[in-house]
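Since the structure comes first, as C-alpha cells, the remarks are kept for the end.
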2 protein chains.
Amino acid sequence: MRSPQHPATDDIQLTEVLRALSDPVRLEILGRLAREGHLYCFELGAEMDLHKSTLSHHYRILREAGVTHTSQEGRRKRLTLRRDDLDARFPGLLDSILAAV
Amino acid sequence: MRSPQHPATDDIQLTEVLRALSDPVRLEILGRLAREGHLYCFELGAEMDLHKSTLSHHYRILREAGVTHTSQEGRRKRLTLRRDDLDARFPGLLDSILAAV
DNA sequence: TGGAAGGTTTGACAACCATCCAACTATCGG
DNA sequence: CCGATAGTTGGATGGTTGTCAAACCTTCCA
C-alpha cells in the first residue's frame with residue numbers, strides 16, 4: 001500500500017480548498033475534525049450512512065486539496081486537520097468557515 | 001425582463017458560497033469587485049476572453065449564491081459585492097478569501 | 001424606426017462528481 | 001492459516017459543470 005499523497009503547504013490551492021469544502025459531507029467531516037482533533041475513518045463509516053467507498057472518495061478529495069492529513073495506524077486510518085498549514089497559507093480562512101459550520 | 005433573483009441574507013448558504021468561489025474565473029471577478037467596488041459586466045467581457053454567455057453563467061452563480069448584487073442601469077448591468085451581508089452571515093470569510101486572491 | 005449595444009436563454013458537448021456495488025489489498029486476532 | 005476488519009480501486013450511473021454558439025430580448029441613439 002503506497003503512502004497517500006499530500007500536497008506541500010505551498011502547493012495548497014485556494015480554489016481546491018474551497019471546492020473541497022463546498023460539499024455538505026466534507027464540511028461535516030471538517031467540523032468533526034475541528035471539534036475532536038482527529039478521527040478514524042471507520043468511526044464515520046458507522047455514523048454517516050454512506051457507502052464506505054463514497055467516504056473513501058471524500059477522504060481523498062480532502063487530502064489532495066491539502067485540508068487533511070492521513071496516517072496509517074495498523075489497519076485503521078487516522079485523519080487530522082492540517083490547521084497550521086492552512087492557517088499559514090490562508091490566514092483566517094479555516095476559522096471563519098468553522099465558525100459557520 | 002424580470003428582476004434577477006437574490007437570496008435573502010439569512011438564506012445564503014455556506015456550501016453555495018464556497019462552491020461559487022471555487023472557480024478561478026469567479027474568484028477573479030470577486031477580486032475585481034473588492035478592489036474596484038463595482039463593475040459593469042461589459043467591462044469584463046472586453047477583458048476576460050470568454051464568451052459573453054459564459055460570463056453570464058458565472059454572474060448568475062455568484063448572484064444566486066448571494067455573493068454579488070446585480071442592478072440594471074439602462075442596458076448595462078452593474079455588479080457589487082454583498083460585503084455586509086456576507087460579513088454578517090460568515091464573519092471573516094470574505095476577508096480571508098480576498099487576502100489570498 | 002431601425003440598427004447597434006449589453007445580456008440572457010437554450011441547446012450541445014465533453015468533463016467531472018457523488019453515489020453505489022463488487023472485487024481487491026492489507027492487517028489483525030485466534 | 002482463516003475469517004473478520006478497514007479501506008482502496010474500478011466500473012456503472014444519473015446529475016452537474018464550464019464552455020461555446022446561435023437566437024433572443026431590452027434599451028439606447030441617430
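Reckoned from all heavy atoms, side chains included, excluding hydrogens, waters and symmetry mates. Here is how names work: the chains are called A, B, and so on, in the same order as the sequence lines, proteins then strands, and each is numbered from 1.
- Ion pairing between a basic and an acidic side chain is recognised when a charged N comes within 4.0 Å of a carboxylate O; B:Arg32 and B:Glu47 show such pairing.
- The residue among A:Asp49 and A:Glu73 whose nearest nucleotide of DNA chain C lies closer to the 5′ end is A:Asp49.
- Side-chain contact between A:Cys41 and A:His58 is absent, with no heavy atoms from C-beta onward closer than 4.5 Å.
- In terms of modelled atom types and a separation under 3.5 Å, the side chain of A:Gln72 and the main chain of A:Gly74 share a donor-acceptor contact.
- Relative to the side chain of B:Ser53, the nucleotides C:dT9, D:dA4, D:dT19 differ in distance, and C:dT9 lies closest.
- Checking C:dA22, D:dT19, D:dC29 against the side-chain heavy atoms of A:His51 singles out C:dA22 as nearest.
- With contacts defined as side-chain heavy-atom distances shorter than 4.5 Å, the pair B:Leu18/A:Ile97 qualifies.
- A pairwise comparison of heavy atoms in A:Leu30 and A:Leu94 identifies CD1-CD1, 4.1 Å as the closest pair.
- Residues B:Thr68 and B:Tyr59 fail the side-chain proximity criterion, which asks for heavy atoms closer than 4.5 Å.
- For DNA chain C, the residues of residues 17-46 of chain B within the heavy-atom distance limit of 4.0 Å (strictly under) are B:Cys41, B:Phe42, sorted by number.
- No hydrogens or angles were tested; on distance alone, a donor-acceptor pair under 3.5 Å links the side chain of B:Lys52 to the base of C:dG7.
- Between A:Thr70 and A:Leu62, every side-chain heavy-atom pair lies at or beyond the 4.5 Å cut-off.
- Within a heavy-atom distance below 4.0 Å of DNA chain C, the residues of residues 56-69 of chain B found are B:Ser56, B:Tyr59.
- Listed by first and then second residue, the salt bridge (Lys or Arg N to Asp or Glu O under 4.0 Å) pairs that reach into residues 7-30 of chain B come to none, sequence neighbours excluded.
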